[in-house]
Amino acid sequence: MKFVAFERAKQGTGASRRLRITGRTPGIVYGGETPATQIEIDHNALWHALKKETFHSTILDMELAGKESKVLLRNVQMHPFRQLILHADFQRVEANTKLTMKVPLHYSGQDVSPAVKTENCMVTPVATELQISCLPADLPEFIAVDLSGLTKGSSLHAKDLVLPKGVSVVTKGKENPALVSVIALAEEVAVDPAAAAPAKGKAGAKAPAAKPAAKK
């Protein structure tokens with residue numbers, strides 16, 4: 001995915017505020033052997049780009065001063081309540097240097113799994129993305145996760161995934177975090193209305209209707 005950036009000469013809070021008024025978003029590009037570069041990007045173009053999953057998880061082609069370079073989006077600072085991007089950070093990508101970043105998980109097959117179809121379970125993803133490490137050329141846009149084989153009592157963890165070639169999982173804290181939970185639903189017991197009604201004793205029985213008086 002490609003975007004266009006422009007070199008930014010003025011820095012500081014006041015300069016950034018004036019820049020945003022003109023419809024531009026301040027940013028920075030860092031990493032590699034080149035010094036960090038202050039940039040600015042068209043706000044509307046960046047706003048629409050951020051709505052696309054690929055802009056967050058793939059290597060981007062940035063055009064700056066007539067030259068293209070490979071970068072990754074690393075951070076976006078948003079206004080607390082306005083629809084305004086305050087700042088964007090990008091990192092340069094070097095072909096022989098491994099990247100560590102988060103990529104989205106795309107789940108499929110849960111509706112046809114035995115856990116859902118025949119065992120009255122609910123399958124719920126507990127993670128939407130996974131942190132991985134790989135060379136830039138091996139970076140996947142997303143990781144596909146097939147849930148069609150899940151059964152009652154089973155689980156799916158990070159180490160259970162079949163990862164693309166050259167990709168490894170980076171875990172922090174938990175060594176093998178769970179990605180999906182399988183929960184058995186409580187079975188509803190049908191109740192017979194007649195059996196549920198309390199039995200009426202003799203005291204509760206209705207007295208027979210009185211016979212009409214005989215005519216004289």
Side-chain angles (χ1 to χ4, degrees), residues 1-9 11 16 19 24-78 85-109 125-147 156-180:
M1 189 171 178
K2 182 178 179 179
F3 71 99
V4 179
F6 307 90
E7 292 183 354
R8 176 162 56 101
Q11 302 179 30
S16 295
L19 186 66
R24 297 289 183 95
T25 299
I28 189 172
V29 183
Y30 60 86
E33 298 178 357
T34 308
T37 303
Q38 303 293 329
I39 62 171
E40 58 185 70
I41 310 166
D42 179 79
H43 180 273
N44 288 342
L46 181 59
W47 178 268
H48 291 293
L50 288 173
K51 294 181 179 180
K52 300 178 181 179
E53 185 181 75
T54 54
F55 196 76
H56 297 261
S57 60
T58 60
I59 296 174
L60 308 171
D61 295 315
M62 182 186 70
E63 182 182 329
L64 178 64
K67 297 181 180 179
E68 286 193 6
S69 57
K70 305 290 186 181
V71 299
L72 287 171
L73 176 66
R74 281 307 192 184
N75 187 50
V76 177
Q77 183 182 354
M78 304 293 297
I85 306 167
L86 299 177
H87 197 274
D89 296 357
F90 297 89
Q91 180 185 356
R92 297 186 184 94
V93 173
E94 296 181 335
N96 297 321
T97 302
K98 279 192 172 184
L99 304 169
T100 299
M101 66 178 300
K102 293 180 179 179
V103 295
L105 297 172
H106 287 189
Y107 296 98
S108 64
V126 296
T128 58
E129 58 186 13
L130 186 68
Q131 186 158 282
I132 63 169
S133 176
C134 64
L135 290 172
D138 297 327
L139 180 64
E141 183 177 332
F142 60 87
I143 294 177
V145 184
D146 183 12
L147 304 180
L156 183 71
H157 292 75
K159 290 185 178 180
D160 298 325
L161 295 179
V162 178
L163 298 172
K165 182 180 178 181
V167 176
S168 59
V169 176
V170 177
T171 57
K172 293 182 179 179
K174 294 183 178 180
E175 183 179 350
N176 189 22
L179 304 179
V180 173

*Parallel under 30°, tilted from 30 to 60°, perpendicular over 60°: which one fits the rings of Phe90 and Phe3?*
parallel
*asked:* Walk me through whether Leu64 and Glu7 qualify under side-chain contact (heavy atoms from CB on, under 4.5 Å).
replied: CA-CA 7 Å; Leu64 178 64; Glu7 292 183 354; 3.8 Å; yes
_What's the separation between atom CZ in Phe6 and atom CZ in Arg24, rounded to the nearest 0.5 Å?_
4.5 Å
*asked:* How long is the straight-line distance from OG of Ser16 back to CD of Glu40, given to the nearest 0.5 Å?
replied: 10.0 Å
*How many angstroms lie between atom NZ of Lys165 and atom CG of Leu135, to the nearest 0.5 angstrom?*
11.5 Å
_Stepwise side-chain contact (heavy atoms from CB on, under 4.5 Å) check, Val93 with Leu139_ = CA-CA 11 Å; Val93 173; Leu139 180 64; over 6 Å; no
_A side-chain contact here means heavy atoms from C-beta on lying under 4.5 Å apart; do Arg8 and Pro26 qualify?_
yes
Name each donor-acceptor pair under 3.5 Å that joins a side chain in residues 96-103 to protein atoms two or more places apart or in another chain, with its distance.
| from | atom 1 | to | atom 2 | distance (Å) |
| --- | --- | --- | --- | --- |
| Thr97 | OG1 | Glu94 | OE1 | 3.1 |

*Would you name the heavy atoms of Asp160 and His157 that are closest together and state the gap between them?*
OD2-N, 2.8 Å
_Backbone of Gly31 reached by a side-chain donor or acceptor of Arg92 within 3.5 Å_ = yes
*His56 side chain near Pro104 side chain, heavy-atom distance below 4.5 Å*: no
*Flag side-chain contact, heavy atom, 4.5 Å: Thr171 against Pro177*: yes
*Do you know which two heavy atoms are closest between Met1 and Ala49, and how far apart they sit?*
CE-CB, 3.9 Å
*Can you name the closest pair of heavy atoms from Ala36 and Ile28 and give their distance?*
CB-CD1, 4.0 Å
*asked:* For Met62 versus Ile39, what's the shortest heavy-atom pair and its separation?
replied: SD-CD1, 4.3 Å
*asked:* Less than 4.5 Å apart, side chain to side chain, heavy atoms only: is that true for Leu130 and Val169?
replied: yes
*From Ile59 CD1 over to Leu73 CG, what is the distance, rounded to the nearest 0.5 angstrom?*
13.0 Å
*Nearest heavy-atom neighbours spanning Ile85 and Val76*: CG2-CG1, 3.8 Å
_Test applied, side chain to side chain contact (heavy atoms under 4.5 Å, CB included); reference residue, Leu105; option that passes from Leu179, Val180, Thr128_ = Leu179
*asked:* Nearest 0.5 angstrom please: Ser168 OG to Lys159 NZ, how far?
replied: 11.5 Å
*How far apart are the closest heavy atoms of Tyr107 and Ala127, and which atoms are they?*
OH-O, 2.7 Å
_Nearest-0.5 Å distance, CG of residue Leu60 to CD of residue Glu68_ = 11.5 Å
*Going by the side chain to side chain contact (heavy atoms under 4.5 Å, CB included) test, name the single residue among Thr58, Val167, Leu163 that passes it with Pro140.*
Val167
_Tell me if a side-chain donor or acceptor on Asn176 pairs with a main-chain N or O of Ala158 at a distance below 3.5 Å._
yes
